[in-house]
2 protein chains.
Amino acid sequence: MLTAAATARNILPEMKDRSAGIVVKGSRFAPSNFIGLMGITMHFERGAEIVAEEDPAEYVYQVISGTVRTCKLLSNGRRQIGAFLMEGDYFGMEARAVHCFAAEAITDATIHMINRNTAFAAAGRDPEIARALWDITARSLDACQQHSLLLGRKTALEKIGSFLTEMAERQGSHAEIDLPMSRQDIADYLGLTIETVSRTMTQLECAGTIALPTSRHVLVKRRQELARLSAC
Amino acid sequence: MLTAAATARNILPEMKDRSAGIVVKGSRFAPSNFIGLMGITMHFERGAEIVAEEDPAEYVYQVISGTVRTCKLLSNGRRQIGAFLMEGDYFGMEARAVHCFAAEAITDATIHMINRNTAFAAAGRDPEIARALWDITARSLDACQQHSLLLGRKTALEKIGSFLTEMAERQGSHAEIDLPMSRQDIADYLGLTIETVSRTMTQLECAGTIALPTSRHVLVKRRQELARLSAC
DNA sequence: CGGCTCCTTGACATCGCTCAAGTGTAGTGG
DNA sequence: CCACTACACTTGAGCGATGTCAAGGAGCCG
């Protein structure tokens, strides 16, 4: 299957290094809105690969709707998910010429793609764009650093606690969480197995900290308790 | 004890937002050399704290000589080391207004400090500086992503294998490694305990993969084997 | 209803942690 | 040069959190 970058290369050969490609007006999602003014928007079905590992890093991506995971496989099939990306989040803004992480749509997703060279060229002319590109990268770094802490030094219970707290915050709802990702995705994000994720969620439900009306729908009963478990 | 940022605030109150402070000529260490042209150089003794957690993020730091660790403490005293920084490496270039990780000198170290506002102001005038700042951040991100993979999905043996391979590469020597950091530092970097680090090193020595003339000096006997163990 | 896929649960194994000695090794002072 | 101390590192024994393997349940869709 063709990845998004490969597809866009066919659609937009003439876009390279021009500062304005197909214009998408009034994007609400860019940290500074002008970044949303260049590039194209594409739709991906649940499960579709947006970026493959080792794809040339030609684009920066912003999630307009849906949820995306970035992931990397190790030799023996183990998988690490680097991040879950939701409305407004950027990905693919990395130092290397090829992407180290693949990106896949967890749900149907709308993604805005900006040519990297175009973005860097625009940054060369406009300091605000340069600063916006730096912000995107620095935010990814911040998220990655927090995640390292979790992976290196937290117990299964603390990992799940942190994860649910993070998801609640990102959804702007403190009592109700919708999980677009599977238990396996959560496990690969937290460095656990699917069984441990499942057991720990059950444990939190038994303790009355959360309720699980369905496996993808979490009600936070004792928010304080969950925050305490995060052990930051 | 006063951290470096606090000290520099006293030394250099007049520097803020001026593009050239105390000039250090001919720095060989910046990715683009002009970044090395602003700021001051300070010396730190082994064990000194350069940045404290939650310090305001006023400076960007570059290691001129010596080794530095960035670290963060969790509630119950557990510690995660985010990175080991050596000659030429930058740290403190983060998204937030306060530093999330402390930085401490592992050996006596010479550090070049650049005022962040000064750097960003210069970036607003010179696209090459803006690009250099982005590069620094993107490199940190790359290192952090690789490290997440290690923390989340590698066994103790693979972690030690990856660590030794990384150190060998960074020292430009493929047969001999000098470890400036303690076993506890290595443990906190890899998400292990000191005992497991020690045991795993011994195990590699018994297997003939490495030799340990002293605990801080590693001879790589079978580089291929070590690389295979890294499981990337 | 059958056949998916995803999730949960149980029994057991194991890797890495905890606790507790014991062994260097470097530095200090006599 | 030799004690003495302090600190870093190693090693052993036992345990426990998490992984592995296997079975079964729940929801979904044709």
Side-chain angles (χ1 to χ4, degrees), chain A residues 45-47 67 69 74 76-80 106-107 150-164 177-207 210-218 229 231, chain B residues 45-47 69 74 76-80 106-108 150-164 177-207 210-218 229 231:
Chain A
E45 291 194 351
R46 190 169 102 89
T67 304
R69 63 176 174 243
L74 265 69
N76 55 349
R78 287 166 295 180
R79 185 178 70 154
Q80 177 66 42
I106 287 180
T107 62
L150 174 147
L151 290 171
R153 286 290 180 227
K154 288 189 185 178
T155 65
L157 196 57
E158 290 166 346
K159 286 176 175 181
I160 295 289
S162 304
F163 172 71
L164 292 176
I177 313 170
D178 260 308
L179 299 175
M181 68 291 285
S182 69
R183 292 289 188 264
Q184 186 64 62
D185 284 338
I186 298 172
D188 290 341
Y189 181 57
L190 301 177
L192 297 170
T193 58
I194 183 174
E195 293 92 337
T196 300
V197 171
S198 192
R199 266 188 266 269
T200 307
M201 296 279 248
T202 303
Q203 187 184 334
L204 282 172
E205 189 179 26
C206 291
I210 60 171
L212 287 164
T214 74
S215 63
R216 302 284 186 109
H217 194 200
V218 183
L229 282 178
Chain B
E45 291 194 351
R46 190 170 105 87
R69 65 176 173 243
L74 264 71
N76 54 348
R78 287 166 295 181
R79 185 178 71 153
Q80 178 67 41
I106 287 179
T107 63
D108 289 358
L150 175 147
L151 290 171
R153 285 294 181 224
K154 289 189 184 178
T155 64
L157 195 58
E158 291 166 346
K159 285 176 176 180
I160 295 288
S162 303
F163 171 70
L164 292 175
I177 313 171
D178 260 308
L179 299 176
M181 67 291 285
S182 69
R183 293 288 188 267
Q184 186 63 62
D185 285 338
I186 299 173
D188 289 342
Y189 181 57
L190 301 177
L192 296 171
T193 59
I194 184 174
E195 294 95 334
T196 300
V197 170
S198 192
R199 267 188 264 269
T200 308
M201 297 278 249
T202 304
Q203 187 184 336
L204 282 172
E205 189 179 27
C206 291
I210 61 172
L212 286 165
T214 75
S215 63
R216 303 283 185 111
H217 194 200
V218 183
L229 281 177

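Here is how names work: the chains are called A, B, and so on, in the same order as the sequence lines, proteins then strands, and each is numbered from 1.
Within a 6.0 Å radius of CZ in B:R46, no more than 12 heavy atoms belonging to other residues, nucleotides or ligands are found.
Between A:S162 and A:L150, the shortest heavy-atom distance links the atoms CB-CD1, 3.6 Å. The heavy-atom pair separating A:A231 from A:K154 by the smallest distance is O-CE, 3.9 Å. What you find for B:I177 and B:H217 is that their closest heavy atoms are O-CD2, 3.3 Å. Minimum interatomic distance between A:E205 and A:L212 (heavy atoms only, all atoms of both residues): OE2-N, 3.2 Å. Across all non-hydrogen atoms, the minimal contact from B:P180 to B:T107 is CB-CG2, 3.8 Å. Residues A:I194 and A:A187 approach most closely at N-CB, 3.6 Å, considering heavy atoms.
Applying the side-chain hydrogen bond (donor to acceptor under 3.5 Å, both in side chains) test to A:R199 and every residue at least two apart in sequence or in another chain returns nothing. Residues satisfying the side-chain hydrogen bond (donor to acceptor under 3.5 Å, both in side chains) criterion with A:T196, sequence neighbours excluded, are A:T193. Under the side-chain hydrogen bond (donor to acceptor under 3.5 Å, both in side chains) criterion, A:K159 pairs with no residue at all, not counting sequence neighbours. Among residues two or more places apart in sequence or in another chain, the side chain to side chain contact (heavy atoms under 4.5 Å, CB included) test is passed with B:T155 by A:R78, B:L157, B:E158. With sequence neighbours excluded, no residue forms a side-chain hydrogen bond (donor to acceptor under 3.5 Å, both in side chains) with A:T67.
Taking five base pairs at each end of the helix from C:dC1-D:dG30 to C:dG30-D:dC1, the local helix axes there meet at an angle of 30°, rounded to 10°.
Mapped onto DNA chain D by nearest heavy atom, B:M201 and A:G191 fall at different nucleotides, with B:M201 at the one closer to the 5' end.
A heavy-atom distance below 4.5 Å is found between the side chains of B:L179 and B:F163.
Within the nucleic acid shown, A:T214 has no heavy atom closer than 4.0 Å to any nucleic acid atom. Within the 4.0 angstrom heavy-atom criterion, only backbone atoms of the sugar-phosphate kind lie near B:R216; the bases stay farther away.
Expressed to the nearest 0.5 Å, how far CG of B:L164 lies from CD1 of B:I210 amounts to 5.5 Å. Between the CD atom in B:Q80 and the CG atom in B:L74 there is a gap of 8.5 Å [rounded to 0.5 Å]. The distance from atom CD1 of A:I160 to atom CD of A:Q203, rounded to the nearest 0.5 Å, is 10.0 Å.
Evaluation of the salt bridge (charged side-chain N to carboxylate O under 4.0 Å, His left out) test over residues 188-198 of chain A, restricted to residues two or more places apart or in two chains, returns A:R79-A:D188, A:D188-B:R153.
Between the side chain of A:R69 and the main chain of A:M181, no donor-acceptor pair closer than 3.5 Å is present.
Note that the first and last nucleotides of DNA chain C, 5' to 3', having any atom under 4.0 angstrom from a heavy atom of chain B are C:dG16 to C:dC19. Taking 4.0 Å as the cutoff to heavy atoms of chain B, we find the contact window on DNA chain D bounded by D:dA8 to D:dA13.
Shown for residues 156-164 of chain A: residues whose heavy atoms fall under 4.0 angstrom of DNA chain D, namely A:A156. Residues from residues 177-190 of chain A lying near DNA chain D, meaning a heavy-atom separation below 4.0 Å, are absent. Residues from residues 192-199 of chain A that place a heavy atom under 4.0 Å from any atom of DNA chain D, listed by number: A:L192, A:T193, A:E195, A:T196, A:R199.
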